[in-house]
Amino acid sequence: MKKKYLSILILMALFLSACTSPAQPTAIPTVSLDGGNTATNNESSDEDSVSASAVIVPENDAQLSFSAVGRVTAVDVKVGDKVTAGQTLVMLDTTIQEARVREAEATLLAAQVQLQYNKRLGLDEIHLQTADAEVARTQALVDSAKAVLASQSTLSAPFDGTIVSLDVAPAEVVVPGSVVIVLGDLASYKIETTDLSERDVTRVQIGQPATVFIEALGEEFSGNVTDVARISTTLGGDVIYKVTIRLDNQPQGLLWGMSADVEIHTNE
C-alpha cells in the first residue's frame with residue numbers, strides 16, 4: 001500500500017515540475033547577406049549622364065531696397081503689376097535731399113561769382129586758377145547731391161518684369177538694405193540645379209543636352225546646359241555646383257519655385 005502512495009507522489013511531483021518550468025525560447029535562424037556584411041543602398045553612377053534635383057527660377061529677378069532711411073510718400077505698384085525698366089515703384093520723402101541740392105547750388109553760384117569778380121579785377125593766373133578750381137569743386141557737390149536725391153529717394157525697376165512681392169506702404173519708414181520689393185521676369189524661366197555634386201560637375205559642359213522632369217506638370221522636357229557655376233556652395237556639408245539649363249520650349253503653367261529632376265547627358 002505504501003509503495004502505491006509513493007508512486008502517486010512521485011508522479012505528482014514530476015507533473016508539477018513540468019508545469020512550473022519556464023518555456024525555452026525557440027531559436028530563429030538568421031539570414032546573412034553578402035557573405036555576412038550589412039546591406040547598403042549604393043547607387044551606381046551612370047557613365048553617360050549625371051542627375052540632380054533642380055528648381056525653376058526666372059531669367060532675371062531682383063530684391064529691391066533703399067540705401068538710406070526715409071519715409072515712404074508713394075507706392076505706385078501692387079503685387080502682380082507688370083513694370084518696365086526705369087519705371088518708378090516707390091518714393092520717399094525728399095525734403096532733406098532737395099535742401100542739400102539747393103545748398104550745393106548756392107555754393108556753386110557763389111564760386112562762379114567769385115571767379116568772375118577775380119577776372120574783372122585782373123588778378124594773376126594763380127588766383128584765377130584757384131577760383132576756377134573752386135567752381136569745379138562746387139559743381140561736383142551739386143552733381144553728387146542730385147545723384148543722392150535720385151538714387152536714395154526713388155526705387156525704380158531695373159528691368160521689365162512683374163512685382164512678385166511688396167512689403168512697404170505709404171507713411172512707413174524704410175531702413176537701408178531692407179527688401180521692399182521682389183521683381184521677377186516671369187515671361188522666361190530657367191532651371192538651376194540644387195544638389196549637383198563636385199564629383200559629377202567635372203563631367204558637365206556648356207552645350208550638353210539635358211532632360212528635365214517637372215514634377216508639378218508631370219512631363220519631361222528637353223533643354224541644354226547654358227552655364228556652370230565657377231564657385232561652389234555647400235549643402236549639408238557636401239560641396240555642390242549650380243548648373244543652369246534652358247528648355248528648348250517653355251511649357252504653359254511653369255511657375256517660379258517649382259521643383260524638377262534633371263538628367264544631363266554627358267556623352268553627347
Side-chain angles (χ1 to χ4, degrees), residues 43 45-65 77-87 89-90 155-167 177-268:
E43 295 183 0
S45 177
D46 190 341
E47 295 181 357
D48 296 328
S49 65
V50 296
S51 300
S53 298
V55 64
I56 312 301
V57 298
E59 284 285 352
N60 291 310
D61 65 271
Q63 296 182 340
L64 306 180
S65 61
V77 292
K78 62 182 183 298
V79 173
D81 282 355
K82 297 182 183 301
V83 298
T84 57
Q87 180 178 334
L89 309 178
V90 183
L155 201 62
S156 302
F159 52 81
D160 295 354
T162 301
I163 304 297
V164 177
S165 173
L166 179 65
D167 189 21
S178 178
V179 177
V180 296
I181 287 180
V182 176
L183 178 69
D185 178 10
L186 305 186
S188 182
Y189 289 98
K190 58 186 177 182
I191 291 84
E192 292 180 348
T193 62
T194 57
D195 61 358
L196 185 65
S197 168
E198 62 179 331
R199 294 182 297 274
D200 292 329
V201 73
T202 56
R203 299 162 54 195
V204 178
Q205 297 179 5
I206 293 175
Q208 288 175 335
T211 302
V212 180
F213 177 75
I214 301 175
E215 296 181 9
L217 304 182
E219 292 185 60
E220 280 190 353
F221 303 91
S222 61
N224 289 277
V225 174
T226 58
D227 188 58
V228 179
R230 281 76 176 169
I231 188 170
S232 67
T233 56
T234 57
L235 178 66
D238 294 330
V239 177
I240 61 172
Y241 285 81
K242 180 174 69 177
V243 171
T244 303
I245 298 167
R246 285 181 174 82
L247 300 178
D248 296 334
N249 296 291
Q250 183 169 300
Q252 293 292 327
L254 208 58
L255 295 175
W256 190 351
M258 284 183 172
S259 58
D261 294 316
V262 171
E263 184 178 5
I264 301 170
H265 307 288
T266 56
N267 282 350
E268 294 185 28

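All of these numbers come straight from a predicted model, not from anything done at the bench.
Nearest heavy-atom pair, G161 versus L183, reported as atom, atom and distance to 0.1 Å: C-CD1, 3.7 Å. Between S51 and L196, the shortest heavy-atom contact is O-CD1, 4.1 Å. The shortest non-hydrogen separation linking S65 to S178 is CB-O, 3.1 Å.
Atoms CD and CG, on Q63 and D167 in that order, are 11.5 Å from each other to the nearest 0.5 Å. The CG atom of D238 sits 10.5 Å away from atom OG1 of T233, with the distance rounded to the nearest 0.5 Å. Considering OG of S197 and CD1 of I240, their distance stands at 9.0 Å, rounded to 0.5 Å. With rounding to the nearest 0.5 Å, the separation of CD1 in I245 from CD1 in I264 is 4.5 Å.
A donor-acceptor pair shorter than 3.5 Å can be found between the side chains of E263 and S49.
A side-chain donor-acceptor contact under 3.5 Å links T194 to the backbone of S53.
Tested against W256 for a side-chain contact (heavy atoms from CB on, under 4.5 Å), the candidates V55, I56, D61 yield a single pass: D61.
Applying the side-chain contact (heavy atoms from CB on, under 4.5 Å) test to S165 and every residue at least two apart in sequence or in another chain returns V182.
When the shell of 6.0 Å around NZ of K190 is examined, it contains more than 12 heavy atoms from other residues, nucleotides or ligands.
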